[in-house]
Amino acid sequence: MLLTIDIGNTNIKFGVFDDENLIDTFRLPSDRDLPQNDYESLIGKLIKNYDIDGCIIGSVVNELTMGIKQCCDNILRLNTMILNSNLSVNIRVDVKNPVEMGADRVANAVAAVKRYSAPLIVVDVGTATTFDIVSKDLHLHGGIIMPGIGLQLKALNLNTSKLPKIDATKSENLIGNDTKSSILSGVIRGTACSICGLIEQCKQELEGDVTTILTGGYGSLLAEYMPQNLDYIDTNLTLQGLNYIYRMNIN
């Protein structure tokens with residue numbers, strides 16, 4: 001079995017794969033202050049019931065990457081693979097500086113090409129909301145980055161005197177009748193509208209039929225506000241991509 005680890009700014013997501021089948025997922029907070037021994041204990045408990053013989057990490061948090069790798073190496077007695085620009089993938093990362101491209105975005109594009117039809121747009125709604133554009137010839141041309149839902153909610157609370165801190169949840173009405181519902185409408189529905197508008201602009205630049213995929217932690221929450229602009233919702237796309245990349249590089 002393979003353990004895939006997606007280290008994000010808010011959470012560390014784990015996936016256990018049996019070949020191409022995702023059989024379990026877990027998550028831990030991305031805590032930069034948690035001692036490595038504590039991480040090792042937590043990860044060991046999460047995966048204790050699985051016979052893991054391979055591991056790959058994709059990370060956008062440099063401060064956590066090597067510590068989590070060392071934890072997994074110690075637990076599993078193996079050399080954990082780290083996704084970087086030296087690994088083989090099924091796409092060409094066609095940007096000015098490929099090293100700057102986040103591991104999660106590369107993994108998303110790899111999985112999307114494997115599972116769906118290019119050209120395609122992958123929208124990942126996590127800590128940040130990112131768009132990745134893959135052309136018909138399988139070039140990842142970069143994309144778009146905008147603040148995520150959690151960041152927007154946090155910014156409204158921290159940068160105003162009266163707006164409360166609230167959690168992301170369903171926006172019941174477009175026109176809010178209290179502060180909370182008004183914030184939810186602006187952030188949740190506003191983000192959905194922004195994504196829809198940007199998808200349409202991307203389609204115009206790509207000049208043809210485009211497959212659109214929504215992924216990330218807020219994907220299920222946003223999907224109902226943009227049904228006409230999505231072809232697929234695939235909440236575990238990043239973990240799937242890490243699985244594919246590992247298997248491309250083990251021989």
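Here the structure is a predicted model, which means the values were calculated and not measured. Side chains are part of it too, since the values below use all heavy atoms of this structure and drop only hydrogens, waters and symmetry mates.
- For the atom pair CG (Asn249) and CD1 (Ile56), the distance works out to 7.0 Å, reported to the nearest 0.5 Å.
- Closest approach of Ile250 to Arg247, counting heavy atoms only: CG1-O, 3.7 Å.
- Across Ile82 and Leu87, no two heavy atoms sit closer than the pair O-CD1, 3.6 Å.
- For the pair Leu153 and Ile166, the minimum side-chain heavy-atom distance is below 4.5 Å.
- Residues Pro164 and Thr179 meet the side-chain proximity criterion, which asks for heavy atoms closer than 4.5 Å.
- When all heavy atoms of Ile245 and Ser88 are compared, the pair lying nearest together is CG2-O, 4.3 Å.
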Can I get a per-line list of side-chain donor-acceptor pairs under 3.5 Å for residues 2-12, giving both atom names and the distance, sequence neighbours left out?
unit_1: Thr4; atom_1: OG1; unit_2: Gly15; atom_2: O; d: 3.2
unit_1: Asp6; atom_1: OD2; unit_2: Lys13; atom_2: NZ; d: 3.2
unit_1: Asn9; atom_1: OD1; unit_2: Arg32; atom_2: NH2; d: 3.4
unit_1: Thr10; atom_1: OG1; unit_2: Thr127; atom_2: OG1; d: 2.6

Apply side chain to side chain contact (heavy atoms under 4.5 Å, CB included) to the pair Ile213 and Asp231, showing each step before the final yes or no.
-> CA-CA 6 Å; Ile213 305 111; Asp231 295 309; 6.0 Å; no
Could you pull out all donor-acceptor pairs under 3.5 Å where a side-chain atom in residues 132-144 meets a protein atom, sequence neighbours excluded?
unit_1: Asp132; atom_1: OD1; unit_2: Arg105; atom_2: NE; d: 2.6
unit_1: Asp132; atom_1: OD1; unit_2: Arg105; atom_2: NH2; d: 2.7
unit_1: Asp132; atom_1: OD2; unit_2: Arg105; atom_2: NE; d: 3.3
unit_1: Ser135; atom_1: OG; unit_2: Asp137; atom_2: OD1; d: 2.3
unit_1: Ser135; atom_1: OG; unit_2: His139; atom_2: N; d: 3.4
unit_1: Ser135; atom_1: OG; unit_2: His139; atom_2: O; d: 3.4
unit_1: Ser135; atom_1: OG; unit_2: His141; atom_2: NE2; d: 3.0
unit_1: His139; atom_1: ND1; unit_2: Asp94; atom_2: OD2; d: 3.1

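- For Glu100, the salt bridge (Lys or Arg N to Asp or Glu O under 4.0 Å) test picks out no residue, with sequence neighbours left out.
- Interatomic distance, CD of Gln201 versus CD1 of Ile121, reported as 10.5 Å (0.5 Å rounding).
- Thr215 and Asp124 share no side-chain donor-acceptor pair at under 3.5 Å.
- When all heavy atoms of Val122 and Ala112 are compared, the pair lying nearest together is CG2-CB, 3.6 Å.
- Between Met146 and Ser194 the shortest side-chain heavy-atom distance falls below 4.5 Å.
- Looking at heavy atoms from C-beta onward, Val16 lies in side-chain contact with Ile52 at the 4.5 angstrom threshold.
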Can you list the steps and then say if Leu78 with Cys55 is a side chain to side chain contact (heavy atoms under 4.5 Å, CB included)?
-> CA-CA 8 Å; Leu78 49 73; Cys55 183; 4.1 Å; yes
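- Within a 6.0 Å radius of CG in Asp178, other residues, nucleotides and ligands contribute more than 12 heavy atoms.
- Remark: Lys203 engages Glu200 in a salt bridge (Lys or Arg N to Asp or Glu O under 4.0 Å) (not counting sequence neighbours).
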Glu40 and Gln70: CA distance, side-chain angles, deciding distance, side chain to side chain contact (heavy atoms under 4.5 Å, CB included) verdict | CA-CA 9 Å; Glu40 190 167 323; Gln70 189 62 56; 5.9 Å; no
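- Note that OG1 of Thr191 is 5.0 Å distant from CD1 of Ile149, once rounded to the nearest 0.5 Å.
- Under the 4.5 Å side-chain heavy-atom criterion for Ile, Leu, Val, Met, Phe, Trp and Tyr, Leu22 and Tyr116 are members of the same hydrophobic cluster.
- When hydrophobic clusters are built by joining Ile, Leu, Val, Met, Phe, Trp and Tyr residues whose side-chain heavy atoms come closer than 4.5 Å, directly or via intermediates, Leu237 is not grouped with Phe14.
- In terms of modelled atom types and a separation under 3.5 Å, the side chain of Asn21 and the main chain of Ile23 share no donor-acceptor contact.
- In this structure the side chain of Thr212 never reaches within 4.5 angstrom of the side chain of Tyr232, judged on heavy atoms.
- Side chain of Asn159 to main chain of Ala155: a donor-acceptor pair is present (N/O by atom type, distance under 3.5 Å, no hydrogens or angles).
- A side-chain donor-acceptor contact under 3.5 Å links Thr65 to the backbone of Val61.
- When side chains are defined from C-beta on, Cys71 counts as touching Gln36, because their heavy atoms get closer than 4.5 Å.
- For Arg115, the salt bridge (Lys or Arg N to Asp or Glu O under 4.0 Å) partners are Asp234, not counting sequence neighbours.
- In this structure, Glu20 has no salt bridge (Lys or Arg N to Asp or Glu O under 4.0 Å) partners at least two apart in sequence or on a different chain.
- For Ile175, the CD1 atom sits in a loose shell: 12 or fewer heavy atoms of surrounding residues, nucleotides or ligands are nearer than 6.0 Å.
- One N or O on the side chain of Ser185 and one on the backbone of Leu174 form a donor-acceptor pair closer than 3.5 Å.
- No side-chain donor-acceptor contact under 3.5 Å links Thr80 to the backbone of Cys72.
- Although no hydrogens or angles enter the test, the distance criterion places no donor-acceptor pair under 3.5 Å between the side chain of Arg189 and the main chain of Leu184.
- Note that CG of Leu198 and SG of Cys193 are 11.0 Å apart. Values are rounded to the nearest 0.5 Å.
- The environment of Asn97 atom CG is dense: over 12 non-hydrogen atoms of other residues, nucleotides or ligands sit within 6.0 angstrom.
- Here the closest non-hydrogen pair linking Gly219 and Leu214 is O-CD2, 3.3 Å.
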Begin with the C-alpha distance, continue with both residues' side-chain angles, and end with the deciding distance and a verdict on side chain to side chain contact (heavy atoms under 4.5 Å, CB included) for Tyr225 and Ile195.
-> CA-CA 10 Å; Tyr225 305 102; Ile195 292 171; over 6 Å; no
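- When all heavy atoms of Leu221 and Thr169 are compared, the closest pair comes out as CD1-C, 3.6 Å.
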Please lay out, stage by stage, how Asp24 and Tyr50 fare under the test side-chain hydrogen bond (donor to acceptor under 3.5 Å, both in side chains).
-> CA-CA 10 Å; Asp24 208 349; Tyr50 298 102; 2.5 Å; yes
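- Linking ILVMFWY side-chain heavy atoms closer than 4.5 Å, directly or via other members, places Phe26 and Leu34 in a single hydrophobic cluster.
- Side-chain atoms of Asn236 and Thr25, non-hydrogen and from C-beta on, do get closer than 4.5 Å to each other.
- Tyr39 is listed as a side-chain neighbour of Leu64, based on a closest heavy-atom distance under 4.5 Å.
- Residues Glu172 and Ser181 bring no donor and acceptor atom of their side chains to less than 3.5 Å of each other.
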